[in-house]
Amino acid sequence: MRRNLVISGINLVGMRSPFPGSPLVWRIGEAVLIELTGTCDPCSRMEEVLGAGGYNAMRGLGGMTARIVNGGEIRVGDAVSLVTDTV
C-alpha cells in the first residue's frame with residue numbers, strides 16, 4: 001500500500017469543493033498548498049497485493065488524489081486549514 005500523506009481527524013471527501021471550477025485550496029503546515037482533485041478508488045491490483053477479497057476490503061478506503069499548488073516541507077502534527085486569501 002502506498003500513501004504519500006496520511007491525515008487523521010478530517011473528512012477528506014468533505015474537503016473537496018462542491019462547485020466545479022471553484023477549487024478549495026488547503027494549507028498544510030507553513031507553506032504546502034493542495035487542492036483535492038478526486039477519490040482514489042481501489043483498482044484490480046488490490047487483489048494481487050492483498051489476495052482474494054482485497055478489492056472489496058479497500059472499497060471506500062482509497063483516500064483522495066490531490067494537486068500540489070505549492071510544495072514544501074510537512075511535519076508530523078502540522079495544522080491543516082482552508083486557505084481563504086486566494087487573491
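On a predicted model such as this, the values are computed, not experimentally measured, just so you know.
Hydrophobic cluster membership differs between Val83 and Phe19, with clusters built from Ile, Leu, Val, Met, Phe, Trp and Tyr side chains linked at under 4.5 angstrom.
Judged by distance alone, the side chain of Asp78 and the main-chain N or O of Arg75 form a donor-acceptor pair under 3.5 Å. At distances below 3.5 Å, not a single donor-acceptor pair connects side-chain atoms of Asn70 with backbone N or O atoms of Val32.
Taking CZ of Arg27 as the reference point, atom CG of Leu33 lies at 5.0 Å (rounded to 0.5 Å). Atoms CD and CG, on Glu47 and Asn56 in that order, are 7.0 Å from each other to the nearest 0.5 Å. With values rounded to the nearest 0.5 angstrom, Met64 atom CE is found 9.5 Å from Ile34 atom CD1.
Annotation: side chain of Leu5 is in contact with side chain of Ile28 (closest heavy-atom distance under 4.5 Å).
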- Message: Walk me through whether Leu24 and Glu35 qualify under side-chain contact (heavy atoms from CB on, under 4.5 Å).
- Response: CA-CA 6 Å; Leu24 296 177; Glu35 170 194 331; over 6 Å; no
- Task: Decide side-chain contact (heavy atoms from CB on, under 4.5 Å) for Val80 and Trp26; before the verdict, give the C-alpha distance in whole Å, the side-chain angles of both, and the deciding distance to 0.1 Å.
- Result: CA-CA 7 Å; Val80 178; Trp26 295 87; 4.2 Å; yes
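Between the side chains of Thr65 and Thr37, at least one donor N or O sits under 3.5 Å from an acceptor N or O.
Nearest approach of Pro23 to Ser17, heavy atoms of both residues: CA-CB, 4.0 Å.
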